[in-house]
Amino acid sequence: MSTTTAPNPPGADLPEHPDHLWDDAEPKKVYDVVIVGGGGHGLATAHYLAKNHGITNVAVLEKGWLAGGNMARNTTLIRSNYLWDESAGIYEHALTLWEGLEDDLGYPILFSQRGVLNLAHTEQDVRDSVRRVEANKLNGIDAEWLGPDEVAKVCPIVNVSADIRYPVQGATFQPRAGIAKHDYVAWGFARRASEAGIDIIQDCEVTGFVRDGDRVTGVRTTRGTIAAGTVALCAAGHTSVLLDMLGVRAPLQSHPLQALVSELLEPVHPTIVMSNAVHVYVSQAHKGELVMGAGVDSYNGYGQRGAFHIIERQMAAAVELFPVFARAHLLRSWAGVVDVTPDASPIVGATPYENVFLNCGWGTGGFKATPGLGWAFADTVAHGRPHPLVAPFGLDRFVTGALVDEHGAAAVAH
Amino acid sequence: MQLIACPWCGPREETEFSYGGQAHVAYPEHPASLTDEQWAHFVFFRDNPKGPFAERWVHAAGCRRWFTAVRDTRTHQFIGPSELTS
């Protein structure tokens, strides 16, 4: 080597940086639709506004970076085995869309339909589970009841011996359930929305609304005021902060929800296992981490972190059910901020403002709904009335009493 | 694990306490005259601030008394002394 030429700087031999998947847009002065929240639901809503309704003069405002909130913090479980017809409707619609989403987005999302086992540990669990299996079948959702031996066939590492504190009495099984790569899902939606001409505006926090009677005419942000024909709120755990600016009350409580991953392991866990009674849910990500979660921390919190004793309890449950996990090391834990409603069902639809639509209250289960909600919420925004799939989830149900009570009834881990 | 100051017992570990949600939610004075909407707000609707929040706690694994405390929901940190209200 000659001593007179300068050495190549590090990285000089690497290929060019790949094309950006979406444009990091500057805000315009006015949009037909402003979506607040650049997570999964906001991006999916943007995609279906363009694809199904031809509405592309749309901005997605994100206070941080794209899909950096709950979309980056969930455990990526996708299933539709909910008890009530209303929930089955929206979640099964979502699952059907998940099954075709790679083609729709033209982007890999690593959707892996490996099935979900919801374990039953008591006689009451067994009765509730069998009831839910039958309800699912009536709604055209794949579901079956498995005894302990069949559970062990689907997932050999589950401890089905009678010699544990809460023996496994059986499980419901939904074979079409699965996991997907959450970042790729967000990037796929963002790419399609951006291609269609929708502006994805990051680092743009909403600080207020410009109101004119029963309409909102604009959104005040950290990057200036943006006029809006229609406003769609997709802010998950921070929805109450926005609604306080609008003077609207909703029965939401924001809680930390923790999750964690182990170090990378050989493939040992072929499916998804959830247990409400001993309270843990586990799958193994494509790379090999065991991904685990449980219930929310009991108190309200926006801090994106939770208390250690919650994790300790969930690890005790995991090790009892999966003795093989006892020597796995915890790699990372984190929390998202989830907005929980009194009946554990979402709130989607109209607000007291005629051009503001609400999508919130998905609590611990919003990821699985991403394409289904985006589809139905885009239709709601485009036509100015709730799509039939989300109509049962209006804010008015807390006054009429027509609750969709999924607490504990739907294998929902809270 | 954070310590919570019980007004009777002093600082104890968080696991000894249970959460009771928003404080100062009074039972309606004239329950028979409430509309459905007013009932819904009493039963289901609670404040959800990002910041200081007055809330109820019970020292469940200790003296079993209820008290009111103000906590910042951004940091989860308790602010000031707890009140002994019934």
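Chain letters run A, B, ... following the sequence lines, proteins first, then strands; residues in each count from 1. Below, each value reflects all heavy atoms present in this structure, side chains not excepted, and no hydrogens, waters or symmetry copies.
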Check your understanding: What part of B:D72 lies closer than 4.5 angstrom to a heavy atom of chain A: side chain, backbone, both or neither?
Key -> neither
Revision key, fill the gap. Heaviest contributor of heavy-atom pairs below 4.5 Å to chain B, chosen from A:H309, A:R249, A:H238, is A:R249
Exercise for review: Go through the atoms of A:F398 and report whether side chain, backbone, both or neither lie under 4.5 Å from a heavy atom of chain B.
Suggested key: both
Point to revise | Contact class of B:F44 relative to chain A, heavy atoms under 4.5 angstrom | key: both
Exercise for review: Report the residues that fulfil side-chain hydrogen bond (donor to acceptor under 3.5 Å, both in side chains) with A:H255, sequence neighbours left out, ordered by chain and then residue number.
Suggested key: none
Exercise for review: State the CD1-CG distance between A:I201 and A:L66, to the nearest 0.5 angstrom.
Suggested key: 12.0 Å
Study note, to complete from the structure: Most heavy-atom pairs under 4.5 Å with chain B, out of A:G401, A:P256, A:A307, A:S298, belong to A:S298
Review point. What about the rings of B:W66 and B:H59, do their centers lie closer together than 6.0 Å?
Key: no
Practice item. Using distance alone, with no hydrogens and no angle criterion, decide if B:Y19 and B:R56 have a side-chain donor and acceptor under 3.5 Å apart. Key: no
Practice item. Pick whichever of B:E37, B:E14, B:R74 has the most heavy-atom pairs under 4.5 Å with chain A. Key: B:E14
Check your understanding: Which side-chain hydrogen bond (donor to acceptor under 3.5 Å, both in side chains) pairs, counting each pair once, include a residue from residues 25-35 of chain B, with sequence neighbours left out?
Key -> B:T35-B:Q38
**Study point:** Atom pair NE2 (B:H76) and OH (A:Y299), whose distance is rounded to the nearest 0.5 Å
**Key:** 6.0 Å
Review point. Tell me, side chain or backbone of A:L403 under 4.5 Å from chain B's heavy atoms, or both, or neither?
Key: side chain
